[in-house]
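The block underneath contains the structure these notes are about, expressed in structure tokens.
Note that ligands are numbered from 1 as they come in the structure, with each ligand's atoms numbered from 1 the same way.
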Amino acid sequence: MVGNGNGRTTKTDVSKTRIAVLGLGHVGLPTALGLAELGWEVIGADSNPETIASLKAGKSWFYEPDLEPLLKKHLESGFFTPTEDVDGAIAAATVLFVCVGTPQGDDGKADLTQVETIARLVARNLNGYKLIVEKSTVPAITAQWVKKTIARYAHVELRPNGKNGKRSRNQAVLPQFDVASNPEFLQEGRAIENFFKPDRIVIGVESERARELLENIYRPLQCPIVITNLTTSELIKHAANAFLSTKISFINMVGDICESVGADVVQVARGIGLDPRIGTGFLSAGIGFGGYCFPKDLRAFLHLGEEHGADCSLLREVERINTRRIELFLKKVRKAVWVPQGKTIAVLGLAFKPRTDDIREAPSLKVIQALLKEGASLRLYDPQAMPNAQRILPPEPGRVTYCRTAYEAAAGAHALLVLTEWHEFRELDLRRVRDLMEVPVLVDGRNVYDPADARKAGFEYHSMGRESVGQHFSVIVSAKPIARRKQTATLNKADKSNGKLRAIVN
Ligand code: UGA
């Protein structure tokens, strides 16, 4: 016997629980298929007819490793049923996972229109007990709004609660429902892996019934479960993404210092990360964080904190450091190629991170726009993200060329930029790349290569938070670094063009 959230007790027959996942995007689809794999009967609802048509045909509308085989498996097993009929899905299920988008509004606040729409749809389909599980990243107190909205639109007039939260005697009986917060911690590119091997599951609930239902759903995953109230659970998600973003901006700041004093940020990150109090994750310096989550969630958290009078200046700096990464990277490119105008620049990596085709808020796009504005012509390659990139940046002869391989992109280029750390870029034959290029300049925004390897392959190599190597001569930008460096005049054998005497500085 468990509670039903209204102080009464009731039996929950979990074996008959049907699940609906509302919204089949980067969070909803992996969640739906993960739950199907755990043996639950899942209805996946999305109002976009194209999404549903593609899913019914066994095709995911975005790239995510290991997703499609699972989709095909559970279309066949019958444990996953995609539908456009959101009302029908809500009516048919007991547990509703809300995975709709929470894009950023103009003022930095999360736009909760889709969450509200779902709450209203739940209200009109409240044909028995339902547990509404908020999975989308939402500002604190959204769950309370969802609860209030369902009550309002289910046409049950709730009088303002008394101090103890009990309803008064004459009040209409509210159809039973609970709202829970169960934030997702799935990373794009690892969503399926993350689903089955979570570090923890966070469940914010107000009733025993809701807690039991969710614990039962996740029990096979055998990981720590953190039970909290609704708002705390929402805060955990905000704080997790804000902390990870902070780690990234911190290491980027350290990287900038490393570069100016001749230290190596990769080694610093390892040296500090092996301390378990710090941890090695999210300490990769580079061109900054992008994607649909970190930039947006950071702003939403900032907005929430400032709205409530908290001092969020730390997060403002995290955001500022991240925004500046692009300009710092472009400075590096200009320093390496001198004048971008009229040069051919190869770009490896368009997705905001590897193992995804997602280009939302990808740092690559800002770098590309800036270089095009400066008159460079670009040869672009990404293993997965080119179709998405082409939608917003169509090919243009002589200006924007999409290539079939990294080698094709490098052909004839005056510089090669690495903007996403895809594994296949690590595996490239750097000598072959160098031979294909007009000028062997490599600017690595993700520290994919070992500077010694890049130099051995004949590159002038610039990376993030590490000293540049293989420069034929150094443009003196400040007296400080040059005084430290050993300067040797030597004939650079790698230069096939004219064999002039050059000063190697590194
Ligand atoms: C992030 C969180 O990691 C997930 O836990 C969370 O569920 C998700 O947001 C969400 O809120 O939905 P995701 O955006 O998919 O996941 O990708 P991350 O792996 O976190 O990377 C985010 C950005 O940070 C990428 O642009 C990546 O290149 C960058 N990053 C990451 C760094 O620059 N350095 C690092 O050390 C790690």
TODO: Would you check ligand 1 and list the protein residues that come within less than 4.0 Å of it by any heavy atom, ordered by chain and number?
DONE: Glu184, Phe185, Leu186, Gln187, Glu188, Lys237, Asn241, Ile248, Phe282, Leu283, Ser284, Gly288, Phe289, Gly290, Cys293, Phe294, Asp297, Phe352, Lys353, Arg446
Task: CD1-CE distance between Ile345 and Met437, expressed to the nearest 0.5 angstrom - done: 9.5 Å
For the pair [X] and [Y], name the ring-plane relationship: parallel under 30°, tilted 30 to 60°, perpendicular over 60°.
X: Phe289; Y: Phe294; answer: perpendicular
X: Trp422; Y: Tyr63; answer: tilted
X: Phe301; Y: His238; answer: parallel

Open item on the list: Closer than 3.5 angstrom, by distance alone: can the side chain of Glu259 be matched with the main-chain N or O of Gly465 as a donor-acceptor pair?
Closed with: yes
TODO: State, to 0.1 Å, how close Asn241 and Cys293 come at their nearest heavy-atom pair, and which atoms those are.
DONE: ND2-CB, 4.1 Å
